[in-house]
Amino acid sequence: MRKYQLILTLLAVAMLAGCGRRAVITELSIVPEPTFMVQKEGTFTISNKTKLRFSGLGQNTSTVKYITKSLHKMSFRLSLSGTEDENVIFFSLNDTANVEIGEEGYVLEVRPEGVFVSANTEAGLFYAFQTFVQMLPDDIARMRYSRIVLPACTVLDHPRFGWRGSHRDVSRHFFSVKDIKKHLDLMAAYKLNKFHWHLTDDHGWRIEIEKYPELNDIGSWRVDRDDVPWGEAEPPRDGESRSYGGFYTKDEIIEIVSYAADRHIDVIPEIEIPGHCAEVLASLPSLGCQNDDTTYHVEIGPYWPPRAILCGGNDSVLQFLKDVLDEIIPLFPYEYIHIGGDEAMKDNWKRCPLCQARIHALGLRDEEELQSWMITEIEKYLALHGKRIIGWDEILEGGVSDAATVMSWRGADGAVQAARRGNKAIMCPTDYCYYNFYQANPKFQPQAFPAMVTLYKAYSFDPIPEGLTPAQAGCILGGQCNLWAEYINNQKMAEYMLLPRLCAASECLWSTNKDWHRFRAKMVHHRKRLETMGYTCGESSFKPILQVSKADNDMCNVALDWEVEGTQIFYHVEGDTVADDGRGILYTKPFQVPNGTVVQTTSYLNGQMKEEPYRFRILKK
Ligand code: ACM
Ligand code: ZN
């Protein structure tokens with residue numbers, strides 16, 4: 001009997017596999033929104049009979065391998081074909097450049113005969129493939145389909161900015177090679193192309209350096225306080241073992257850089273100079289200032305003010321930095337190296353005879369200029385090796401060379417100043433781009449840095465600051481989202497903080513035709529897509545987005561908006577009687593109330609109240 005049951009089950013499975021699952025796609029949800037996309041009459045059906053064809057690039061190129069492997073993972077067994085023009089997915093590198101799409105753009109057409117992609121570069125073909133994948137069912141990463149019917153369409157697409165970055169701090173908490181690869185996969189899916197890897201900071205040195213083994217033996221390890229919240233960590237006690245940490249070996253760095261390159265992502269290592277270096281001074285105390293009798297340790301928990309600073313007057317510090325860079329340079333082929341420069345407290349420099357002697361000998365005005373001198377020395381050294389520097393916007397404070405690129409994080413001022421003097425700049429202002437900040441009401445969120453960037457706020461990021469001429473605006477390379485890891489101690493949490501905000505960053509950096517409501521609707525599909533790909537997403541904020549404008553007399557217009565598609569907002573004006581069900585009025589359109597009125601709201605999703613009631617005092621601007 002058992003045997004017959006087994007045979008019947010096998011038969012049923014075989015039949016199911018034979019018929020297979022069919023999907024009919026009618027609506028496209030591409031993030032980032034393409035420059036131009038139009039759906040047409042007709043369809044194309046992908047099946048196991050569909051052929052995959054490449055033209056203009058060899059079978060061994062990383063893009064061909066990536067595309068072939070990705071399709072294979074989706075269970076399509078598409079055979080490679082030399083010449084066919086029917087029932088084909090065809091990636092073709094242009095012989096003559098199509099000037100409309102530039103270096104990273106592409107044209108993708110779905111026609112009844114197949115999917116036809118062209119681009120000027122492999123990167124363009126790669127991005128076209130990401131768009132193509134997003135045309136497939138939302139659960140394509142998990143579900144097997146034997147036939148997928150796509151709507152005919154034409155997409156012509158290219159990015160608004162060349163710098164579409166994602167930053168990751170691996171010092172405050174350490175993440176495995178697998179975690180970093182997962183981050184890079186996410187970037188690739190959303191056409192981000194610069195991975196800013198924050199490898200050193202007070203809480204741990206995370207890259208192998210052979211010449212100074214102390215950096216890894218001591219600087220990469222700290223006393224483990226991960227069992228208590230970040231803000232409650234007690235300082236280490238004498239003799240406590242240092243068991244939390246780690247570092248990437250050179251082989252691992254090479255593996256990650258190559259994995260990124262296969263996804264058309266450049267990796268920018270960040271080595272902090274001259275501050276945020278407690279872990280260096282714990283490893284090599286002689287690199288600190290004279291008269292500083294602090295015993296440094298690899299930090300645990302909040303470290304503020306960050307007093308640790310490399311001595312600016314000691315030649316052996318410069319030699320140390322050059323030695324370290326000698327080992328870093330060969331690992332990272334991209335032209336940029338990030339040298340930090342942020343939040344360097346210079347109290348020690350004020351007291352240090354060597355630093356003061358350097359200031360006098362070079363005729364520098366103050367300690368800010370000493371930092372600039374130090375950074376410029378490093379910049380000159382890197383230039384000899386064909387490298388350029390990026391620094392946080394503090395590098396402007398004591399003067400900066402014309403070749404330095406400024407990363408503007410304390411608002412947009414750094415980028416504005418940089419662009420006005422002709423320096424290149426990258427935008428990542430905290431208010432829009434710090435994804436370690438809460439994304440919703442902290443009462444309902446895992447602990448995060450105590451500030452807020454909602455999805456709506458992240459989506460309203462414009463990398464071109466106000467007040468620049470068109471020529472100055474040309475100095476803005478683009479922007480990036482930053483993920484500091486003080487409160488992020490595992491990959492799930494990292495993803496929770498990145499998503500869905502990284503999708504907003506992607507659209508802010510790539511698209512020229514952003515539309516909040518369309519983006520919000522697309523996120524329904526992308527949440528599902530990401531979840532089936534194995535990513536964890538945050539739920540976003542349910543506090544209504546309030547817009548008030550002045551109406552006639554003493555009245556105000558009130559408009560409410562929300563972050564999660566399908567949310568229902570009920571409101572009532574305080575003082576009015578509330579409807580029987582206690583929820584108030586379902587918001588469907590803007591309404592008017594007298595200036596000074598308090599409006600209370602509750603948000604519901606799928607019949608469930610989300611977060612808590614909110615009260616807004618409506619005041620005309
Ligand atoms: C920074 O957030 N300290 C660059
Ligand atoms: Zn000093």
Side-chain angles (χ1 to χ4, degrees), residues 165 167-169 171-172 196-203 268 270-278 280-281 284-294 296 299 302-318 320-321 338-362 364 366-371 373-374 377 390-397 405-415 425-437 448-451 453 479-488:
H167 151 288
R168 181 115 181 214
D169 165 17
S171 172
R172 274 51 177 270
H196 171 176
W197 205 2
H198 188 80
L199 285 166
T200 74
D201 213 307
D202 304 302
H203 297 78
I268 301 94
E270 182 182 351
I271 306 297
E272 279 274 16
I273 302 169
H276 281 293
C277 64
V280 177
L281 298 186
L284 300 158
S286 66
L287 301 179
C289 279
Q290 291 191 351
N291 292 352
D292 178 14
D293 51 14
T294 314
Y296 289 96
E299 279 300 330
Y303 175 51
W304 202 264
R307 303 198 105 84
I309 189 163
L310 299 169
C311 180
N314 181 346
D315 287 338
S316 54
V317 169
L318 278 184
F320 161 78
L321 291 171
H338 199 304
I339 49 73
D342 60 320
E343 300 177 316
M345 283 202 60
K346 307 203 174 62
D347 294 12
N348 288 350
W349 283 7
K350 290 190 179 127
R351 287 192 295 262
C352 170
L354 287 181
C355 286
Q356 291 306 313
R358 176 94 81 203
I359 287 173
H360 291 125
L362 297 172
L364 304 174
D366 56 15
E367 289 73 23
E368 300 311 327
E369 288 199 357
L370 179 57
Q371 168 161 331
W373 172 82
M374 202 169 166
E377 286 299 295
I390 302 175
W392 298 109
D393 56 45
E394 286 92 333
I395 66 169
L396 287 160
E397 285 168 4
T405 296
V406 173
M407 195 166 261
S408 192
W409 70 283
R410 297 175 301 177
D413 286 358
I426 296 157
M427 285 277 284
C428 52
T430 52
D431 285 355
Y432 299 89
C433 298
Y434 271 39
Y435 293 179
N436 51 317
F437 290 7
F449 187 89
V453 175
Q480 64 179 40
C481 49
N482 293 349
L483 195 70
W484 299 98
E486 286 91 338
Y487 296 90
I488 299 174

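Order of listing sets the numbers, starting from 1, for every ligand and every atom in it. On a predicted model such as this, the values are computed, not experimentally measured, just so you know. Every heavy atom of this structure was used, including side-chain atoms; hydrogens, water molecules and symmetry mates were not.
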(message) Is it the case that the side chain of D201 and the backbone of H203 share a donor-acceptor pair, with hydrogens and angles ignored and the cut-off at 3.5 Å?
(response) no
(message) Under a 3.5 Å threshold, yes or no: a donor from one side chain and an acceptor from the other, between W304 and E343?
(response) no
(request) Identify the heavy atoms of E272 and G341 that sit nearest to each other, and give their distance. (result) OE1-N, 3.6 Å
(message) So, regarding W392 and ligand 1 (criterion: nitrogen or oxygen to nitrogen or oxygen, under 3.5 Å), is there a contact or not?
(response) no
(request) Less than 2.8 Å from the Zn ion (ligand 2) is the window; count the protein N, O or S atoms in it. (result) 4
(message) What I want to find out is whether E377 reaches R358 closely enough, with some N-O distance under 4.0 Å, to be called a salt bridge.
(response) no
(message) Need the ligand 1 atom indices (1-based, order shown) with element for anything under 4.0 Å from a heavy-atom of W484.
(response) 1 (C), 2 (O), 4 (C)
(message) Can you report which non-hydrogen protein atom sits closest to atom 2 (O) of ligand 1, along with the distance?
(response) Y434 OH, 2.6 Å
(request) For S171 and D202, work out which heavy atoms get closest and say how close. (result) OG-N, 4.4 Å
(request) Check E343 against ligand 1 and report side chain, backbone, both or neither, counting heavy atoms closer than 4.0 Å. (result) side chain
(request) Look at K346 together with E368 and state whether they make a salt bridge at an N to O cut-off of under 4.0 Å. (result) yes
(message) I need the minimum non-hydrogen distance between C355 and W349, along with the two atoms involved.
(response) SG-CD1, 3.3 Å
(message) Just to confirm my output: which protein heavy-atom neighbour is closest to atom 3 (N) of ligand 1, and how far is it?
(response) D342 OD2, 2.7 Å
(message) Does either side chain, that of E394 or that of W409, offer a donor lying less than 3.5 Å from an acceptor on the other one?
(response) yes
